[in-house]
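Worksheet: the structure to be examined is printed underneath.
Each ligand, and each atom within it, is numbered from 1 in the order the structure gives. Each residue takes its place number in the sequence, starting with 1.
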Amino acid sequence: MTTFSADRSYAQTLDAADQLATFRDRFVRQDRELIYLDGNSLGPLPVRTQARIAEVVDQDWGVGLVRSWDKWIQLPRQAGDMVGEHLVGAAPGQVTVCDSVTINLYKLAWAALDARPGRDVIITDDDNFPTDRYVLQGIAAQRGCELRTIHTDMDAGVSVETLAEALDDRVALVELSHVAYRSGALADMAGLTELVHEEGALMLWDLCHSVGAVPVELDASGADLAIGCTYKYVNAGPGAPGFLYVREDLQSLLRQPIWGWFSQHDQFAMGPRYDPAPGIDSFLTGTPNIIGAVAVEEGARLIGEAGLPALRAKSVEMTSYLIALADEWLAPLGFTVASPREAARRGGHVTLRHDDALPISQALIRAGVVGDYRTPDRLRLGPIPLTTSFTEVFDALDRLREITATKSYADIPLEQQRVT
Ligand SMILES: *Cc1c(COP(=O)(O)O)cnc(C)c1O
């Protein structure tokens with residue numbers, strides 16, 4: 001790699017060497033001027049997914065009608081195996097695509113607590129994603145157990161020492177995000193899992209901000225349980241179903257609390273009593289979202305084709321480039337880099353701190369660059385390895401510099417919109 005320069009021609013040199021550049025055309029790009037740096041919130045639409053959804057709607061549903069259930073019935077598992085193979089390092093039969101992340105968290109956390117009788121503590125951290133904290137608060141209230149919330153620096157990510165101090169033989173379950181949604185800090189999955197196992201507790205990882213962005217090795221890291229979403233880096237579309245992972249040897253020991261008919265052994269016997277199906281199928285609940293599951297399958301296939309190592313390499317190169325430009329141009333304007341500077345400790349996005357982050361993020365959207373704002377004063381920028389060019393990163397930061405230097409965001413009303 002040539003040495004960094006804050007000149008546009010440098011970005012063009014990086015683009016010319018980009019092995020993944022052709023993947024740009026595998027995505028729908030109606031607005032070719034738009035610089036989209038928010039794949040960490042909603043990934044773009046792959047062309048093949050658009051076609052496949054049309055096929056499912058027109059043919060499978062439109063023509064096949066109820067007969068199509070013959071092939072749809074295995075889709076949660078089939079899409080799950082695809083996620084397992086290409087995205088999260090899980091051997092077949094341990095991942096299934098169903099429900100939302102929130103519901104999957106509830107199911108797995110509840111089942112984990114039942115599997116550790118005599119223990120009554122759940123650990124999570126105060127910087128975890130809201131739905132994670134709320135679901136665990138609810139479970140603690142419903143079961144009369146203790147939720148021990150450890151403190152995490154919102155920029156640095158989970159501290160091994162703080163977790164070690166909080167662990168004892170009352171802890172049944174630890175639930176943490178692999179990549180922090182705000183700063184993008186990446187946790188040491190294998191190391192933290194081992195720490196939790198030493199105390200005899202189960203470890204549940206939330207992969208929402210890592211799946212499809214960083215290589216995840218669930219089997220190799222010894223993780224017990226995981227959940228993740230598919231509408232961020234997996235590009236499966238708004239409201240696409242989540243996935244869950246239960247390590248094979250735990251599947252027969254854990255029973256989830258929602259006894260729906262899709263987890264019933266011999267489902268269509270319509271028998272009188274609940275008798276869970278063997279394996280990962282016992283973690284399903286009701287009728288799966290077929291259109292969403294098809295999009296998950298295509299999303300995972302596309303990333304598999306590019307290869308996660310190549311994708312991660314470009315992601316690291318782009319976020320490092322973004323940070324270098326921020327240091328050069330934005331630091332004098334009141335910005336600080338809130339994400340870890342060490343690439344190995346960072347996920348797929350970069351977070352910048354600024355007192356006026358909220359109006360700046362909106363002015364940036366007005367200038368054709370979509371990132372997003374997170375409380376209290378953070379701007380998240382997530383270049384997407386399969387679609388974003390280095391030149392776009394350059395142009396995005398150039399516009400950010402211009403907006404901040406000229407204070408052209410001053411006319412943006414300060415009240416926060418419903419969605420940021
Ligand atoms: C996006 C995200 C979620 C979202 O949960 P849903 O049930 O899909 O709304 C949960 N956890 C984390 C860490 C996330 O980043």
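Given atom 7 (O) of ligand 1, the protein heavy atom at minimum distance is Thr102 OG1, 2.5 Å. Remark: minimum distance from atom 3 (C) of ligand 1 to any protein heavy atom is reached at Phe129 CE2, 3.4 Å.
Between the side chains of Asp275 and Gln264, not a single donor N or O lies within less than 3.5 Å of an accepting N or O.
Contacts between Asp206 and ligand 1, counted as non-hydrogen atom pairs separated by less than 4.0 Å, involve the side chain only. At a heavy-atom distance under 4.0 Å, no atom of Ile103 approaches ligand 1. Contacts of Thr131 with ligand 1, taken as heavy-atom pairs under 4.0 Å, involve the side chain alone.
Which parts of ligand 1 touch Tyr231 is read off a 4.0 Å heavy-atom cut-off, strictly below it: atoms 1 (C), 4 (C), 5 (O), 6 (P), 8 (O), 9 (O). Taking a cut-off of under 4.0 Å to the non-hydrogen atoms of Ser100, the atoms of ligand 1 that pass are 7 (O). Near Lys232, meaning under 4.0 Å from any of its heavy atoms, are these atoms of ligand 1: 1 (C), 2 (C), 3 (C), 14 (C), 15 (O). Atom numbering of ligand 1 starts at 1 in the shown order; those under 4.0 Å from a heavy atom of Cys208 are 2 (C), 3 (C), 10 (C), 11 (N), 12 (C), 13 (C), 14 (C), 15 (O). Atoms of ligand 1 lying under 4.0 Å from at least one heavy atom of His209, given by number and element, are 15 (O).
Remark: the backbone N or O of Gly292 is paired with a side-chain donor or acceptor of Asn289 at under 3.5 angstrom. Formation of a donor-acceptor pair under 3.5 Å by the Thr319 side chain with backbone atoms of Val316 is found in this model. A donor-acceptor pair is defined here as one N or O able to donate and one able to accept, closer than 3.5 Å; no such pair exists between the side chain of Thr49 and the backbone of Glu298.
With respect to Asp60 and Lys71, a salt bridge is recorded, a charged nitrogen being found less than 4.0 Å from a carboxylate O. Under 4.0 Å is where a charged nitrogen must lie from a carboxylate oxygen, and between Arg247 and Asp249 at least one such pair does.
Ligand 1 has no N or O atom lying under 3.5 Å from any N or O atom of Tyr181, backbone or side chain.
At least one heavy atom of Ser177 lies less than 4.0 angstrom from ligand 1.
Taking the ring axis of Tyr321 as reference, the NZ or CZ atom of Lys314 does not stay both within 45° of it and closer than 6.0 Å to the ring centre.
Below 30°, between 30° and 60°, or above 60°: for Tyr409 and His354 the angle between ring planes is above 60°, a perpendicular geometry.
For atom 5 (O) of ligand 1, the candidate residues are Asn104, Val101, Val179; the nearest heavy-atom contact is made by Val101.
Aromatic rings from Phe268 and Trp261 are positioned such that their centres are separated by under 6.0 Å.
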